[in-house]
**Q** 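Encoded as structure tokens, here's the structure I'll be asking about.
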Amino acid sequence: MENEAPIVNRVDQIKDRLNEMKDERLKVRANMGRSRIVERNGRLVQVHPSLFIVEVEERRGRTSRQSYQYVDVLTGTVELFDVETGERLFDFVVEEQE
């Protein structure tokens, strides 16, 4: 169980960095299951203890709010990118054990 502390630290790192990025624009790529991947651009509007909220741009100028958990970023289910550079914001890799 020596891997538990680093995972908690990584979640805290994600939360801290996102807290610093509040109100910044980013691209979200979320794996919704069944080979369905959703990509949207939005603005990070809120950071909470267990999740963060992105206001995403919809069709016809509408916006909606989507919430994601930090652990989803850690596992790669949700990927976050800088809108301007396309650079992936978090590069944590969860490797399968053989």
Side-chain angles (χ1 to χ4, degrees):
M1 295 296 149
E2 62 185 72
N3 289 339
E4 287 183 26
I7 289 175
V8 170
N9 290 340
R10 288 181 180 172
V11 170
D12 288 341
Q13 289 172 357
I14 294 168
K15 184 173 22 175
D16 292 344
R17 180 154 182 211
L18 289 178
N19 201 31
E20 294 171 2
M21 296 178 63
K22 196 169 172 191
D23 292 323
E24 290 187 25
R25 293 180 45 75
L26 45 86
K27 176 180 174 182
V28 178
R29 179 184 297 153
N31 183 343
M32 306 301 282
R34 294 189 176 215
S35 301
R36 186 171 160 232
I37 296 176
V38 176
E39 289 186 15
R40 293 193 174 126
N41 290 337
R43 185 174 57 92
L44 180 62
V45 291
Q46 294 179 346
V47 177
H48 296 283
S50 60
L51 57 89
F52 60 97
I53 299 174
V54 177
E55 189 173 78
V56 296
E57 302 154 1
E58 298 286 341
R59 294 183 180 145
R60 300 184 186 126
R62 294 183 179 176
T63 60
S64 68
R65 291 186 173 202
Q66 303 289 320
S67 63
Y68 303 98
Q69 295 182 355
Y70 304 111
V71 75
D72 291 335
V73 175
L74 181 64
T75 61
T77 304
V78 173
E79 296 174 277
L80 303 174
F81 300 87
D82 184 300
V83 170
E84 312 240 336
T85 65
E87 181 182 327
R88 190 172 175 177
L89 298 177
F90 300 99
D91 209 14
F92 298 118
V93 177
V94 178
E95 298 178 6
E96 292 183 27
Q97 295 180 354
E98 294 183 16

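Residues: numbered from 1 along the sequence shown.
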**Q** Under the rule for side chain to side chain contact (heavy atoms under 4.5 Å, CB included), what residues qualify as partners of V45, not counting sequence neighbours?
**A** R43, I53, E55, R65
**Q** Should L18 and Y70 count as side-chain neighbours, where that means a heavy-atom distance under 4.5 Å?
**A** yes
**Q** Show which residues join I37 in its hydrophobic cluster (side-chain heavy-atom contacts under 4.5 Å, direct or indirect), or state none.
**A** none
**Q** Considering all heavy atoms of both residues, which atom of T85 and which atom of D82 are nearest to each other, and what is their separation?
**A** N-OD1, 3.1 Å
**Q** Can you find a pair of side-chain heavy atoms, one from V78 and one from N31, that are under 4.5 Å apart?
**A** no
**Q** Sequence neighbours excluded, which residues qualify as side chain to side chain contact (heavy atoms under 4.5 Å, CB included) partners of S50?
**A** none
**Q** Any non-hydrogen side-chain atom of Y68 less than 4.5 Å from a side-chain atom of V73?
**A** no
**Q** Would you compute the distance between atom CD1 of I14 and atom CG of L74 and round it to the nearest 0.5 angstrom?
**A** 5.0 Å
**Q** How long is the straight-line distance from CG of D12 back to CG of N19, given to the nearest 0.5 Å?
**A** 11.5 Å
**Q** According to a hydrophobic-cluster definition based on side-chain heavy atoms being under 4.5 Å apart (Ile, Leu, Val, Met, Phe, Trp, Tyr only), do F81 and F90 belong together?
**A** no
**Q** Is it true that atom CD of Q46 has more than 12 heavy atoms of other residues, nucleotides or ligands lying nearer than 6.0 Å?
**A** yes
**Q** Test of understanding: with side chain to side chain contact (heavy atoms under 4.5 Å, CB included), list the residues that count as partners of R25, not counting sequence neighbours.
**A** N41, E57, V83
**Q** Quick one: CZ on R60 to CZ on R62, what's the gap to the nearest 0.5 Å?
**A** 7.0 Å
**Q** Using the salt bridge (charged side-chain N to carboxylate O under 4.0 Å, His left out) criterion, which residues pair with E20? Sequence neighbours excluded.
**A** none
**Q** Name all residues meeting the side chain to side chain contact (heavy atoms under 4.5 Å, CB included) criterion together with R40; count only those two or more places apart in sequence or in a different chain, and write none if there are none.
**A** V38, V56, E58, Q66
**Q** CG/L26 to CE/M21 distance, rounded to the nearest 0.5 angstrom?
**A** 5.5 Å
